[in-house]
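For reference, the structure is listed below as structure tokens.
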Amino acid sequence: MVTAATLNEYLDEIRQQVCTHCVERPPGGPPCAPLGKQCGIELHLPELVDSIHGIDSASIVPYLDTNRHQICAYCPRLEKPDCPCPMDYLAVLLVQAVETVDARRAAAAGA
């Protein structure tokens, strides 16, 4: 599990790389929850980061499959009209954002 400080770093990067492409983002978002939109990325950020860290693939399919089994399967909003997850169509950008933070942290640790 990642620390709160590290989660904030991931969230900042996700907001820069991912949220700007979200078609469900309310005006003024992110963050979206205070604006009345429950976002699956915001709701499940720790689980998403852990899930992404558990995979190393050039294909997005293993990431999607893992998310569906480890996160979506337990989400109370799954398959409901208000399912908040833009994770499928933003998955590539989400993985890239997490990997950007990981690379930055690795470079800082090596410096």
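As a basis for the values below, the full set of heavy atoms in this structure was taken, side chains included, without hydrogen atoms, waters or symmetry mates.
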Problem - Approximate separation, where rounding is to 0.5 Å, of Glu13 CD and Asn8 CG - result: 13.0 Å

Handout entry: Sole candidate of Val92, Val95, Leu94 that passes side chain to side chain contact (heavy atoms under 4.5 Å, CB included) when paired with Tyr63
Key = Val95

Handout entry: Shortest non-hydrogen separation from Ser51 to Ile71 and the atoms involved
Key = CB-CD1, 4.2 Å

Completion exercise
Heavy-atom closest pair (Leu78 atom, Cys72 atom, distance to 0.1 Å) is CD2-O, 3.3 Å

Problem - Min side-chain heavy-atom separation Val61-Asp65 under 4.5 Å - result: yes

Exercise for the section: Start with the C-alpha distance between Asp50 and Gln70, add both sets of side-chain angles, then the distance that settles side-chain contact (heavy atoms from CB on, under 4.5 Å), and finish with yes or no. Expected result: CA-CA 10 Å; Asp50 286 344; Gln70 293 181 359; over 6 Å; no

Practice task
Give the minimum heavy-atom separation between Leu35 and Gly28, together with the two atoms involved.
Solution key: CD1-C, 3.5 Å

Problem - Thr66 side chain to Pro62 backbone, donor-acceptor under 3.5 Å - result: yes

Exercise for the section: Could you tell me whether the side chain of Glu42 and the main chain of Cys32 form a donor-acceptor pair under 3.5 Å? Expected result: yes

Practice task
Could you tell me the separation between the OG atom of Ser57 and the CG atom of Leu64, rounded to the nearest 0.5 Å?
Solution key: 10.5 Å

Practice task
Report the distance from atom CD1 of Ile52 to atom CD of Glu47, rounding to the nearest 0.5 Å.
Solution key: 11.5 Å

Exercise for the section: Drop me the distance from Leu93's CG to His21's NE2, to the nearest 0.5 angstrom. Expected result: 5.5 Å

Handout entry: Sub-4.5 Å side-chain heavy-atom contact between Ile14 and Leu45
Key = yes

Practice task
Supply the atom-to-atom distance Glu99 CD to Asp56 CG, rounded to the nearest 0.5 angstrom.
Solution key: 7.5 Å

Problem - N/O donor-acceptor pair under 3.5 Å between Tyr89 side chain and Val23 backbone - result: yes

Practice task
Answer whether the closest heavy-atom distance between the side chains of Asp88 and Arg68 falls below 4.5 Å.
Solution key: yes

Problem - Spacing of CG belonging to Leu90 relative to CD belonging to Gln96, to within rounding of 0.5 Å - result: 11.0 Å

Practice task
Please tell me if the side chains of Thr100 and Tyr10 come closer than 4.5 Å, counting only heavy atoms from C-beta onward.
Solution key: no

Completion exercise
For Gly40 and Leu48, the nearest pair of non-hydrogen atoms, with its separation, is O-CD1, 4.2 Å

Exercise for the section: Would you name the heavy atoms of Asp102 and His53 that are closest together and state the gap between them? Expected result: OD2-NE2, 2.9 Å

Handout entry: Flag side-chain contact, heavy atom, 4.5 Å: Cys39 against Arg25
Key = no

